[in-house]
Amino acid sequence: MRLLSPSGAAAARRRQEAARLVVDLFHKLQHFDGHTSPAGPDWCQPVVQAGAQGLWNQSLQDEGLTLMLGLCYLFSRLPAIKVKYLLLAWLGILIASWVIYMQYASYSELCRGHVCHMVICDHYRRGIISGSSCKALCDQRTLTLQRCMSTSSTHQVYSGLWKERPVVIKCGIEDLGKTDGAPDSVLRQEMSLFDKPTRGTSMDEFKEMLHSFLKANLGEQPSLSTLVDRVITLADVNQDGKVSLAEAKSIWALLQINEFLLMVALQEKEHTPKLLGFCGDLYVTERVGHSSLYRLEVPNYLQALVPEALSSSLNHWLAPAWPRRARITIGLLEFVEEVFHGSYGSFLICDASPRHVGYNAKYDCKMANLRSVASETVVRGFLRGRRCETNADCTYGRDCTATCDRLVKQCNTEVVQPNLAKVCVLLQDFLLFGAPSDLRGDLEKQLRTCVTLSGLASQMEVHHSLVLNNLKTLLWKKISNTQYS
């Protein structure tokens, strides 16, 4: 056991006494109501006396204790009401600093467009990739990245300009957690994206590769050959009737991105953003004026501080007028029709979030984000034979959920909730507030019927079409022959 010298024991006693006084002050501050003056013998006098006796001059090394002594000195010289405002100002500065720090940390983690630009242009200059946007991005610099809109570090999304036209630029990037973080490590990881097709692959072999890939992702469809020809035409950037190795590598890497594949398959649909160009696995789409149904989106790190009722009320206040929301809704219902038994199979919305549904200046619905949409073939393939204990184990994406057969402990392949029911859940909040009084009752009834739809094959055809058409007719009758139609 170590023995303390007399001077060391005295210093220890002084530290204990000073700590006791500061803790006592802290407890009093916790019970301070802002109406009584903190100055006087019940507050700071013991600490001031301790300072006069030299208790804390030698022993208070901790910054937190020094701060409490400073507050005590300050409070003893300010009126009570000023102390209250001072505490509020200090709290406001603390919260603002935290918000700024979180914004910076989020930006530095999610926004790495410079890495994407570096990788793509390096591959382009080395002749590994090609694309209709490569010269504009890397040589002419007429395609520029501006505001970061990324929600994932591995999927970069930026607003930008291409020859003064507003666009959205999207690019996949390898997770730096899987590398050592150096730029050359990122380059090595990205090289694996462009390893197919290999040199010496014939045009017929490449077409067969495309056909097999599309069949695996979209199912056996009679129009797959047409889609293969569309992909070949898209890949032929210089329009010389041939597909070079760099062009083939680029289009093959892009097809691995689910959103790009859907944009190619649904490019003739009215409510899908138009594909404007690409370079390697970077692609450019038209910019949707409003990329979400709601204008206010609370960041994740502030959701605990901002009540949901407050953010919902603000979004309702900022939302477009009801007739314009009805027009957006009709477009969203038309999109549900477009992806149900289309030319290239059926597609499922696996995250019916308002963040993924947008609209333009004319209030035409545009799906701002197709990453949450998957082909029925892919979802069924994911569920088939999958081991499960509960229905939650049979979920693809966020909410494409099937039932779990607990006897054999395997997932069934039929998704329980269809697209239309998910969209109607979304519309209950978006469409009902501010609805005309003569329409609200019928609208609530239609939406309740819609929400209870199941994904069983026996209901999918006639019943779903009937409910969808009834909703569209109800809304269209109200806004037809007006300035909103």
Side-chain angles (χ1 to χ4, degrees), residues 149-152 154-155 157 168 170 172 213-219 221 223-224 227 230-231 254-275 278 281 283 285-288 290-293 328-360 364-383 394-402 413-427 430 450 453 455 460 464 468:
M149 302 188 296
S150 306
T151 57
S152 167
T154 58
H155 186 73
V157 182
V168 174
K170 301 184 179 184
F213 174 82
L214 294 174
K215 180 180 177 181
N217 284 273
L218 302 177
Q221 308 294 335
S223 53
L224 278 187
L227 188 57
R230 182 184 296 177
V231 172
L254 283 166
L255 289 174
Q256 312 309 308
I257 303 172
N258 178 62
E259 183 177 44
F260 183 87
L261 173 59
L262 293 181
M263 291 182 72
V264 174
L266 303 173
Q267 71 173 16
E268 298 171 352
K269 305 301 182 183
E270 180 183 355
H271 305 292
T272 305
K274 302 303 178 187
L275 178 67
F278 64 91
D281 66 337
Y283 56 104
T285 71
E286 66 172 326
R287 187 189 297 182
V288 179
H290 301 273
S291 59
S292 173
L293 282 183
I328 296 168
T329 298
I330 291 172
L332 180 56
L333 294 173
E334 287 174 350
F335 176 77
V336 172
E337 282 184 301
E338 289 172 357
V339 299
F340 181 66
H341 287 339
S343 303
Y344 303 111
S346 295
F347 298 88
L348 300 176
I349 302 173
C350 292
D351 185 0
S353 167
R355 296 191 303 271
H356 300 154
V357 183
Y359 55 94
N360 59 21
D364 295 320
C365 176
K366 291 282 186 179
M367 295 300 294
N369 188 347
L370 290 173
R371 295 182 69 204
S372 62
V373 180
S375 72
E376 187 177 38
T377 301
V378 168
V379 176
R380 286 179 178 270
F382 172 83
L383 295 172
C394 303
T395 302
Y396 180 92
R398 182 171 174 264
D399 53 18
C400 279
T401 302
T413 57
E414 279 193 348
V415 173
V416 174
Q417 193 178 32
N419 292 337
L420 185 56
K422 296 173 188 176
V423 166
C424 286
V425 172
L426 185 64
L427 293 177
F430 180 70
C450 179
L453 292 173
M460 286 294 282
H464 284 214
L468 190 147

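These numbers come from the heavy atoms of this one structure, side chains and all, not from hydrogens, waters or symmetry mates.
- By the 4.5 Å heavy-atom criterion applied to side chains, Val168 and Met149 are counted as neighbours.
- Closest of all the heavy-atom pairs between Leu453 and Pro418 is O-CD, 3.5 Å.
- Closest of all the heavy-atom pairs between Asp281 and Gly172 is OD2-O, 3.8 Å.
- Shortest non-hydrogen contact noted between Val288 and Pro273 is CG2-CG, 4.4 Å.
- Contact of the Arg371 side chain with the Lys170 side chain is not registered, since no non-hydrogen atoms from C-beta on lie closer than 4.5 Å.
- Here the straight-line distance linking atom CZ of Phe430 with atom CG of Leu332 works out to 9.0 Å at 0.5 Å rounding.
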(request) Evaluate the side-chain contact (heavy atoms from CB on, under 4.5 Å) criterion for residues Phe335 and Val423: first the C-alpha distance (whole Å), next the side-chain angles of each, then the deciding distance (0.1 Å), finally the verdict. (result) CA-CA 10 Å; Phe335 176 77; Val423 166; over 6 Å; no
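- Closest approach of Ser291 and Ala368 over heavy atoms only: O-CB, 3.6 Å.
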(request) Could you go through the side-chain contact (heavy atoms from CB on, under 4.5 Å) check for Leu348 and Val339 one step at a time? (result) CA-CA 8 Å; Leu348 300 176; Val339 299; over 6 Å; no
(request) Please report the C-alpha distance between Thr401 and Gln417 in whole Å, then the side-chain angles of each, then the deciding distance to 0.1 Å, and finally whether the side-chain contact (heavy atoms from CB on, under 4.5 Å) criterion is met. (result) CA-CA 7 Å; Thr401 302; Gln417 193 178 32; over 6 Å; no
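- Between Glu259 atom CD and His155 atom NE2 the span is 5.0 Å, to the nearest 0.5 Å.
- Under the rule for a ring pair (Phe, Tyr, Trp, His ring centres under 6.0 Å), Phe347 has no partner lying at least two apart in sequence or in another chain.
- How far CG of Leu266 is from CD of Glu338: 7.5 Å, rounded to the nearest 0.5 Å.
- For the atom pair CD of Glu376 and OG1 of Thr413, the computed distance is 8.5 Å after rounding to the nearest 0.5 Å.
- Taking each heavy atom of His464 and Leu420 in turn, the nearest pair found is O-CD2, 3.6 Å.
- The backbone N or O of Pro354 sits less than 3.5 Å from a side-chain atom of Ser292, completing a donor-acceptor pair.
- Distance CG/Leu214 to CG/Leu255: 6.5 Å, rounded to 0.5 Å.
- Remark: Val378 pairs with Asn217, Ser375, Tyr396 by the side-chain contact (heavy atoms from CB on, under 4.5 Å) rule, at least two apart or across chains.
- Looking only at distances, no side-chain donor or acceptor of Lys274 sits under 3.5 Å from a matching main-chain atom of Met263.
- Phe340 has its side chain out of reach of Leu468: every pair of non-hydrogen atoms, C-beta onward, lies at least 4.5 Å apart.
- Distance check, rounded to the nearest 0.5 Å: CG of Asn258 to SG of Cys350 gives 9.0 Å.
- Met367 has its side chain within reach of Val357: a pair of non-hydrogen atoms, C-beta onward, lies under 4.5 Å apart.
- Taking the side chain as every heavy atom from C-beta outward, Ile349 and His356 never approach each other to under 4.5 Å.
- When every heavy atom of Val264 is checked against every heavy atom of Leu227, the shortest pair comes out as CG1-CD1, 4.0 Å.
- Under a 3.5 Å cut-off, the side chain of Thr285 and the backbone N or O of Leu275 do not form any donor-acceptor pair.
- Asp364 places no side-chain N or O within 3.5 Å of a backbone atom of Gly331 that could act as its donor or acceptor partner.
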